[in-house]
Amino acid sequence: MTAAESEILRDVWYMALPGRELKRGKMQGKMLLGQSIVLGRDADGKPFALRDICPHRGIPLSHGKFDGREIECCYHGWRFQCDGGCTHIPSLLPTQKFELSRVGVFQFPCREVQGNIWVFMPEDERTLPDPLPEIPVIPYVEAEHCQMVMKSLFPCSIDHAVVGLMDPAHGPFVHQSWWWRSQKSIHEKSKAFAPSHWGFTMVKHKPSSNSKAYKLIGGEVSTEIRFELPSTRIEHITAGKHHICGVTTLTPLTATQVELHQFFYWTIPWLSLIRPLMRPFMKTFIEQDRDVVDKQQQGLNEDPQLIMINDADKPARWYYQLKKELQQSRLENRPFQNPVPETTLQWRS
Ligand code: FES
Ligand SMILES: [Fe+2]
């Protein structure tokens, strides 16, 4: 892997927080890509993100007070609007001329989409791309369809987290359990893939396993899985006129810590009845992934040479290629050319 490939992608959006975790008139500090950020929601309900460092003496603004309009720093009371502009410095006498517009805190672009708060992490804060790229849209659902949110902290780099997320071969080994599958259930798979926007899609197909569970839902069932740079996976299940979407977002908090959010959206009212039953299963599933990543770190700490094979490691290879192409196309100031071919991958899992 080249140095560029191991870098965390910038000039892209990262999912920062499920919207429901940020109440109106409240703020909270959070690390994103190694930077301290304060996320807040103003009195009108609009979210914002600022650098969480007071320009006076550097204390995090998130330790201060927020009244839904302005943040007051806890050290000397300087006040900042939600756009980062300074409005008041209490220690100044009326006769002391000081241009408040000289003081400001960087405001990160921040948007709430389908119930989730995304923050744009720029490469260079002085020049943001115009227009900003798009935030991946979850098909056929609205914010109110979000029925379940789970989170987990993975002790690894974003690259290994994404590779693990898109890895088709670990299922029978990592996710063994009586309710899901055993090693013996390994069978040959063949799936069609196509390039899509900043990623690739396992094109719509009938699910092979769990057909009993799907029969319960009723109607013709099909599933499609899309990956999108920097680190979003959207699984969309269509069941007759209904939709179920499982969305996984990976957010690098630092170079060695990735926060995973797993969202479930659905439009089937009765499915909400079994939500309490689903939760522990999903939790176990995510913990199995986290535990294996944890063990993997023991080996990765020695920076070994790693092997990728056909076809099971193709998605991993595509991820690195996509990332490289995004960086390269920006450097060369040309349109992004998706390196993923239309193809069929075959593996056993
Ligand atoms: S450190 Fe924030 S006002 Fe002084
Ligand atoms: Fe997994």
Side-chain angles (χ1 to χ4, degrees), residues 27 29 36-38 40 50-67 70-81 84-93 96 98 100 102-106 150-156 158-177 179-183 185-186 189 191 202 209-210 223 225 227 231-235 246-250 258-264 278 280-297 312-313 315-316 319 347-349:
M27 60 173 175
S36 304
I37 307 229
V38 54
L50 300 177
R51 175 182 309 278
D52 195 11
I53 297 179
C54 179
H56 183 216
R57 294 266 206 283
I59 201 162
L61 291 171
S62 55
H63 290 305
K65 280 194 203 122
F66 180 49
D67 62 4
E70 292 183 334
I71 300 176
E72 184 186 89
C73 179
C74 71
Y75 206 169
H76 311 92
W78 291 21
R79 297 182 69 89
F80 301 90
Q81 299 173 149
C86 181
T87 57
H88 184 56
I89 297 183
S91 62
L92 285 175
L93 298 179
Q96 288 172 324
F98 182 84
L100 286 181
R102 278 173 47 203
V103 183
V105 181
F106 181 73
M150 340 233 4
K151 73 166 81 187
S152 182
L153 202 56
F154 280 46
C156 64
I158 185 68
D159 287 348
H160 277 288
V162 173
V163 165
L165 176 71
M166 300 310 297
D167 174 37
H170 72 282
F173 301 92
V174 172
H175 300 299
Q176 280 177 40
S177 54
W179 54 273
W180 183 248
R181 56 179 309 166
S182 69
Q183 263 186 47
S185 70
I186 290 193
K189 293 201 178 136
K191 298 271 156 56
M202 183 194 282
S209 56
N210 289 336
T223 162
I225 301 174
F227 171 76
S231 46
T232 302
R233 176 191 192 268
I234 301 175
E235 178 160 10
V247 182
T248 319
T249 59
L250 297 170
V258 173
E259 190 173 53
L260 172 143
H261 279 94
Q262 176 69 45
F263 302 94
F264 291 97
M278 288 165 70
F281 288 136
M282 288 322 301
K283 197 163 168 263
T284 307
F285 205 84
I286 294 170
E287 274 167 9
Q288 288 167 337
D289 281 324
R290 209 245 350 264
D291 289 349
V292 83
V293 159
D294 201 16
K295 291 175 186 142
Q296 182 191 22
Q297 287 314 299
D313 291 333
Y319 164 68
W347 69 89
R348 282 167 48 80
S349 72

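Reckoned from all heavy atoms, side chains included, excluding hydrogens, waters and symmetry mates. Each ligand, and each atom within it, is numbered from 1 in the order the structure gives. Computed from a predicted structure; not experimentally measured.
In the displayed structure, Tyr75 atom OH is contacted under 6.0 Å by at most 12 heavy atoms of other residues, nucleotides or ligands.
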As a quick check of understanding, evaluate side chain to side chain contact (heavy atoms under 4.5 Å, CB included) for Gln297 and Cys156, giving each step before the final call. CA-CA 7 Å; Gln297 287 314 299; Cys156 64; 3.2 Å; yes
Would Leu100 and Arg79 satisfy side chain to side chain contact (heavy atoms under 4.5 Å, CB included), going step by step from the backbone distance to the final call? CA-CA 10 Å; Leu100 286 181; Arg79 297 182 69 89; over 6 Å; no
Steps toward side chain to side chain contact (heavy atoms under 4.5 Å, CB included) verdict (Lys191, Trp347): CA-CA 9 Å; Lys191 298 271 156 56; Trp347 69 89; 3.6 Å; yes
Could you please spell out the steps behind the side chain to side chain contact (heavy atoms under 4.5 Å, CB included) verdict for His56 and Val103? CA-CA 9 Å; His56 183 216; Val103 183; over 6 Å; no
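Excluding waters, the set of protein N/O/S atoms under 2.8 Å from atom 2 (Fe) of ligand 1 reads Cys54 SG, Cys73 SG. Protein N/O/S atoms found under 2.8 Å from the Fe ion (ligand 2): His170 NE2, His175 NE2, Asp289 OD1, Asp289 OD2.
Nearest heavy-atom pair, Arg290 versus Ser152, reported as atom, atom and distance to 0.1 Å: CG-OG, 3.6 Å. Across Val38 and Arg51, no two heavy atoms sit closer than the pair CG1-O, 4.2 Å.
Of the N and O atoms on the side chains of Asp52 and His63, not one donor lies less than 3.5 Å from an acceptor on the other residue.
In this structure, Arg233 CZ and Met202 CE are separated by 7.5 Å, a value rounded to the nearest 0.5 Å.
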